[in-house]
Amino acid sequence: MNENLFASFITPMMFGLPLITLIVLFPSLLFPTSSRLVNNRLISLQQWMLQLVSKQMMSIHNTKGQTWALMLMSLILFIGSTNLLGLLPHSFTPTTQLSMNLGMAIPLWAGAVITGFRNKTKASLAHFLPQGTPTPLIPMLVIIETISLFIQPVALAVRLTANITAGHLLIHLIGGATLALMSINTTTALITFIILILLTVLEFAVAMIQAYVFTLLVSLYLHDNT
């Protein structure tokens with residue numbers, strides 16, 4: 001087993017330079033484009049999935065919110081492809097880094113909040129103080145609502161980081177246990193290997209679900225502010 005459990009989460013370096021920029025840009029090269037009149041099956045499937053997710057996510061938005069459709073679809077494609085590539089052996093998953101997830105969550109959340117204060121100033125300010133609040137509780141509720149507002153991007157980033165990191169750690173631990181058990185008990189090693197395969201399939205689902213959840217929550221924040 002690897003002597004360092006968290007070695008796979010360390011940003012890879014080459015000649016003393018971090019490769020995070022190249023790794024982040026790499027998933028965008030995997031999505032094919034076509035100039036043909038009739039698309040092939042892969043591009044047709046890609047477009048069908050994008051249309052399905054876009055229709056479901058944008059149905060709750062008004063005209064101003066729908067202008068964010070390209071941003072949200074790019075976000076879900078980036079997070080989903082990055083999470084899936086991180087499941088390959090000896091690969092690095094950028095979404096296991098809290099700093100990167102905060103770098104995605106904070107600008108999107110800030111853009112939605114600023115849009116709300118610009119277009120719906122009274123409604124946005126009204127969220128800090130529910131109607132009918134007793135006068136003695138007004139200062140406390142304003143502080144609580146302000147904290148809950150500013151904690152939204154942190155919750156977005158921590159949720160994505162925790163789910164992806166936990167799955168990778170489980171795969172690493174069960175994979176190491178399988179290798180260790182092969183020389184001790186073949187039957188137990190086979191059972192552990194089956195569990196590893198099932199967990200890998202589950203991680204594929206989690207990678208896509210977390211991309212959808214992250215984008216959906218950003219979409220809901222935007223819906224509340226447009």
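The chain is numbered in sequence order, starting from 1.
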So does T188 get a backbone contact from the side chain of T192, meaning a donor-acceptor N/O pair under 3.5 Å? yes

Can you get from L160 to L98 by hopping between Ile, Leu, Val, Met, Phe, Trp and Tyr side chains that sit under 4.5 Å apart? no

Please round to the nearest 0.5 Å and tell me the distance separating atom CE of M57 and atom CG of L216. 5.5 Å

Atom pair CG (L85) and OG1 (T93), whose distance is rounded to the nearest 0.5 Å: 8.5 Å

Side chains of I209 and N163 in contact at under 4.5 Å (non-hydrogen atoms): no

Do the non-hydrogen side-chain atoms of T161 and T95 ever get within less than 4.5 Å of each other? no

Hydrophobic clustering (ILVMFWY, side-chain heavy atoms < 4.5 Å, transitive) - are V206 and L196 grouped together? yes

Heavy atoms of other groups near F150 CZ, more than 12 under 6.0 Å: no

What distance separates I174 CD1 from I195 CD1, expressed to the nearest 0.5 Å? 6.5 Å

Side-chain donor/acceptor of W68 to backbone N/O of M58, under 3.5 Å: no

Does L169 share a hydrophobic cluster with F204, counting links as ILVMFWY side-chain heavy atoms below 4.5 Å and allowing steps through other members? no

How close do L84 and M208 get, heavy atom to heavy atom, and via which atoms? CD1-SD, 3.6 Å

Quick one: does M73's side chain get under 4.5 Å of F78's, heavy atoms only? no

Out of curiosity, does L190 fall in the hydrophobic cluster containing L181 (side-chain heavy atoms, cut-off under 4.5 Å, transitive links)? no

If I compare all heavy atoms of L77 with all of S81, which pair ends up nearest, and what's the gap? O-OG, 2.7 Å

Under 3.5 Å: donor-acceptor pair, side chain of S54, backbone of Q51: no

Distance, nearest 0.5 Å, that separates CG of L222 from CG of N62: 8.0 Å

Looking only at side-chain N and O atoms, does T96 offer a donor or acceptor that is under 3.5 Å from a partner on H168? no

How long is the span from the OG atom in S219 to the OH atom in Y212, to the nearest 0.5 Å? 8.5 Å

To the nearest 0.5 Å, what is the distance between CZ on F193 and CG on L179? 10.0 Å

Do L72 and L220 sit in the same hydrophobic cluster, where Ile, Leu, Val, Met, Phe, Trp and Tyr count as joined when their side-chain heavy atoms come under 4.5 Å apart? yes

How about W109 and V218: do any of their side-chain heavy atoms sit closer than 4.5 Å? no

Would you name the heavy atoms of A105 and L156 that are closest together and state the gap between them? CB-CB, 4.0 Å

Whether N225 side chain and T115 backbone form a donor-acceptor pair below 3.5 Å: no

Greater than 12 external heavy atoms within 6.0 Å of L202's CG: yes

Donor-acceptor pair, side chain of S59 and main chain of Q56, under 3.5 angstrom: yes

For R159 and L217, which heavy atoms make the closest approach, and how far apart are they? NH1-CD1, 3.0 Å

Contact summary for Q210 and N83, nearest pair of heavy atoms: CB-ND2, 4.5 Å

Over all heavy atoms of both residues, which pair between L102 and P153 is shortest? Give the atoms and the distance, please. CD2-O, 4.1 Å

Checking I79 against M104 for the side chain to side chain contact (heavy atoms under 4.5 Å, CB included) test, could you report, in this order, the C-alpha distance in whole Å, the side-chain angles of both residues, the deciding distance, and whether it holds? CA-CA 10 Å; I79 298 177; M104 292 189 295; 4.1 Å; yes

